[in-house]
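Remarks on the structure that follows.
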Number of protein chains: 2
Amino acid sequence: MALAHAIMTALIEDDLSGYELSRDFTTSLGFFWNASHQQIYQELRKLSEKGWLNKREVSQSGKPNKIVYGLTAAGRDALSEWVFGTTRTQAAKDELLVKLYNLDVSNVAHITAEISERREGMMQLLYLYETIRRRHYAEPASLPARRKGVYLALAFGINQGEHFLSWCDQALELLSGMESVEK
Amino acid sequence: MALAHAIMTALIEDDLSGYELSRDFTTSLGFFWNASHQQIYQELRKLSEKGWLNKREVSQSGKPNKIVYGLTAAGRDALSEWVFGTTRTQAAKDELLVKLYNLDVSNVAHITAEISERREGMMQLLYLYETIRRRHYAEPASLPARRKGVYLALAFGINQGEHFLSWCDQALELLSGMESVEK
DNA sequence: ACATCTTATGCAAAAAAATGCATATTTATT
DNA sequence: AATAAATATGCATTTTTTTGCATAAGATGT
């Protein structure tokens, strides 16, 4: 019941089509909860059937028409209620860490490469985060309530990303020591 | 195909029963990949059918007998191969961050409480991590290959945990400002 | 006309994960 | 003898997620 609430959250301020949601889910809220377009369309159908979303077709020029979804009063109520429920803390599952339990002279080069790739990817993500922060969240204390929350999520991403970089450096250093021993 | 490899990873050095695996999955590898006992028993069955694990019943005194699983040669090969595959980077899905996008004067107290709870939980986890590090990983550079990997996973957990604490503090400060405005 | 790209929506099936239920052995306690 | 707790294993169902496939409108280029 989590994707449902992520989608409704994305619709708090703007009505969006499945396609637009799908695109937004590669940024913003999608940084913290993403889904494929197939999942999104399915969930939109379920939420409409439940009466939590309404839909209307919107004509577009130069593009195929789209179906735009918006929160109903019932949907808003359900979302507000959901916030008050308890969140089960789920350990972040990361295959890379499982792989580290398999570390070995035979695979150290591969694992090193994977960490480097991840580091590179995180650098790019952090650059994006920082751009967003500078442009939209320069003064968090003076933001309206909801935007403060969004800012904190962004700050979480930045914080975690920076930690990840420093961990990568630490890991790469220890692993490079291993490789030299191997030779 | 991820739990399968986590289970096989747990069996690299020791043969274990489903019950023991289930217990270990609340610590160690379980810090980074956990599963319920139901999932574990099912996966053990599948892996046995595939020929990646063998099983034998072990009599115990004072307890019911147990069924102990161990990696077969084929299982070891499959696991080694798996390490060389590419890991899809999955964004950590965290409901708390989705909730932050719903931040509002009506729920700021609840979200503040949830963050405090999480902070407390992380403090305890970090204490556990640090205990393990001090006891088993005091000198990472001199560890054998595989243990270095395990150490790096632990270091990841510690690093991430510490940054989570600092984020919580930042969040709680910003939120406390909100609450005073609300009054 | 034809191919290709972006926009746009969806079904169906398979795999993975979560949830609820069910059972059995042994020890310790009342 | 009955009850409870820890140890130990598993099935069945539902939910969630992933993957593969399929379609179509409109724009642009050849």
Side-chain angles (χ1 to χ4, degrees), chain A residues 1-8 15-26 30 32-50 53 55-69 82 85-95 98, chain B residues 1-8 10 15-26 30 32-50 52-53 55-69 82 85-95 98:
Chain A
M1 204 58 40
L3 176 58
H5 295 101
I7 287 174
M8 288 197 286
D15 292 0
L16 296 169
S17 70
Y19 191 79
E20 289 161 342
L21 274 165
S22 180
R23 234 183 0 195
D24 286 11
F25 268 36
T26 63
F32 313 109
W33 203 285
N34 57 19
S36 64
H37 78 268
Q38 291 97 328
Q39 258 179 290
I40 289 170
Y41 285 116
Q42 259 177 72
E43 204 62 47
L44 286 172
R45 185 173 48 73
K46 284 185 205 165
L47 288 170
S48 298
E49 282 167 10
K50 261 192 189 166
L53 297 181
K55 57 175 168 178
R56 59 180 205 281
E57 200 171 346
V58 172
S59 300
Q60 298 189 111
S61 64
K63 295 173 190 177
N65 295 349
K66 64 182 175 181
I67 300 166
V68 167
Y69 292 83
W82 170 75
T86 41
T87 307
R88 55 179 193 279
T89 322
Q90 53 209 337
K93 292 180 177 180
D94 194 326
E95 287 191 11
V98 179
Chain B
M1 206 53 43
L3 176 59
H5 295 100
I7 286 175
M8 288 196 287
D15 292 0
L16 296 169
S17 71
Y19 191 79
E20 289 162 341
L21 272 166
S22 180
R23 233 183 1 193
D24 286 12
F25 267 37
T26 62
F32 313 110
W33 204 284
N34 57 19
S36 65
H37 78 268
Q38 292 96 330
Q39 261 178 285
I40 290 169
Y41 285 115
Q42 256 177 73
E43 205 61 49
L44 286 172
R45 185 172 49 74
K46 285 185 204 165
L47 288 170
S48 298
E49 283 167 9
K50 261 192 188 166
W52 288 356
L53 297 182
K55 57 175 168 179
R56 61 178 205 282
E57 200 171 346
V58 172
S59 299
Q60 299 188 111
S61 64
K63 296 173 189 177
N65 296 348
K66 64 182 177 181
I67 300 167
V68 167
Y69 292 83
W82 170 78
T86 41
T87 309
R88 56 178 192 280
T89 322
Q90 52 211 336
K93 292 179 176 181
D94 194 326
E95 287 192 10
V98 178

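Labels below follow one simple rule: chain letters A, B, ... track the order of the sequence lines, proteins then strands, and each chain is numbered from 1. A quick note: this is a predicted structure, and the numbers were derived from the prediction, not measured.
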- Not counting sequence neighbours, which residues clear side-chain contact (heavy atoms from CB on, under 4.5 Å) with K55(A)? List them please. I67(A), Y69(A)
- Nearest 0.5 Å please: distance from the CD atom of E43(A) over to the CG atom of L3(A). 4.5 Å
- Task: Calculate the interatomic distance between E95(B) atom CD and dA18(C) atom C1'; express it in whole Å.
- Result: 13 Å
- Any donor-acceptor N/O pair, S48(B) side chain to L44(B) backbone, under 3.5 Å: yes
- Task: Just jot down the salt bridge (Lys or Arg N to Asp or Glu O under 4.0 Å) partners of R45(B), sequence neighbours excluded, or say none.
- Result: E49(B)
- Check salt bridge (Lys or Arg N to Asp or Glu O under 4.0 Å) between D24(A) and all other residues, then give those that pass, not counting sequence neighbours. none
- Message: If you only use heavy atoms from C-beta on, which nucleotide in dT9(C), dG10(D), dA17(C) is closest to the side chain of Y41(A)?
- Response: dT9(C)
- Item | Separation of atom CD in Q39(A) from atom P in dA12(C), rounded to whole Å | 18 Å
- Excluding sequence neighbours, so at least two apart, what forms salt bridge (Lys or Arg N to Asp or Glu O under 4.0 Å) with E57(A)? none
- Whole Å only: how far is the CD atom of E20(B) from the P atom of dT9(D)? 8 Å
- Query: 5'-most contact on DNA chain C: R45(A) or Q42(B), nearest heavy atom basis?
  - Reply: R45(A)
- Once base and sugar-phosphate atoms are separated, protein heavy atoms under 4.0 Å mark nucleotides 23-30 of chain D, 5' to 3', with B, S and - as --BSS---
- Candidate nucleotides dG10(D), dA17(C), dT17(D), ranked by approach to the side chain of H37(B) - the nearest: dG10(D)
- Query: Quantified as the angle between the terminal helix axes (five pairs each), what is the overall bend of the helix from dA1(C)-dT30(D) to dT30(C)-dA1(D) to 10 degrees?
  - Reply: 0°
- Task: Could you pull out all residues at least two apart from S17(B) that satisfy side-chain contact (heavy atoms from CB on, under 4.5 Å)?
- Result: Y19(B), E20(B), K66(B), V68(B)
- Query: Got D94(B) and F32(A) here, is their nearest side-chain heavy-atom distance under 4.5 Å?
  - Reply: no
- Considering just the side-chain nitrogens and oxygens of Q38(B), establish if one lies under 4.0 Å of OP1 or OP2 belonging to dA17(C). no
- With respect to the side chain of K66(B), which nucleotide from dT9(C), dA17(C), dT9(D) is positioned closest? dT9(D)
- Tell me: CG of L47(A) to P of dG10(C), nearest whole Å? 13 Å
- Query: Between S17(A) and K46(B), who's closer to the 5' end of DNA chain C by nearest nucleotide?
  - Reply: S17(A)
- Task: May I ask you to test the K93(A)-N34(B) pair for a side-chain heavy-atom distance under 4.5 Å?
- Result: yes
- Tell me: CG of L16(B) to P of dT9(D), nearest whole Å? 11 Å
- Message: Whole angstroms only, please: what is the CD1-P distance between I67(B) and dT7(D)?
- Response: 17 Å
- Rounding to a whole Å, what distance do you find between L21(B):CG and dT9(D):C1'? 13 Å
- Task: Determine: side-chain N/O of Y19(B) to OP1/OP2 of dT7(D), distance under 4.0 Å, yes or no.
- Result: yes
- Item | Between P of dC11(D) and CD1 of I40(B), the distance in whole Å | 15 Å
- Output all residues satisfying side-chain contact (heavy atoms from CB on, under 4.5 Å) with T87(A), sequence neighbours left out; order by chain, then residue number. E95(B), K99(B), E114(B), R118(B)
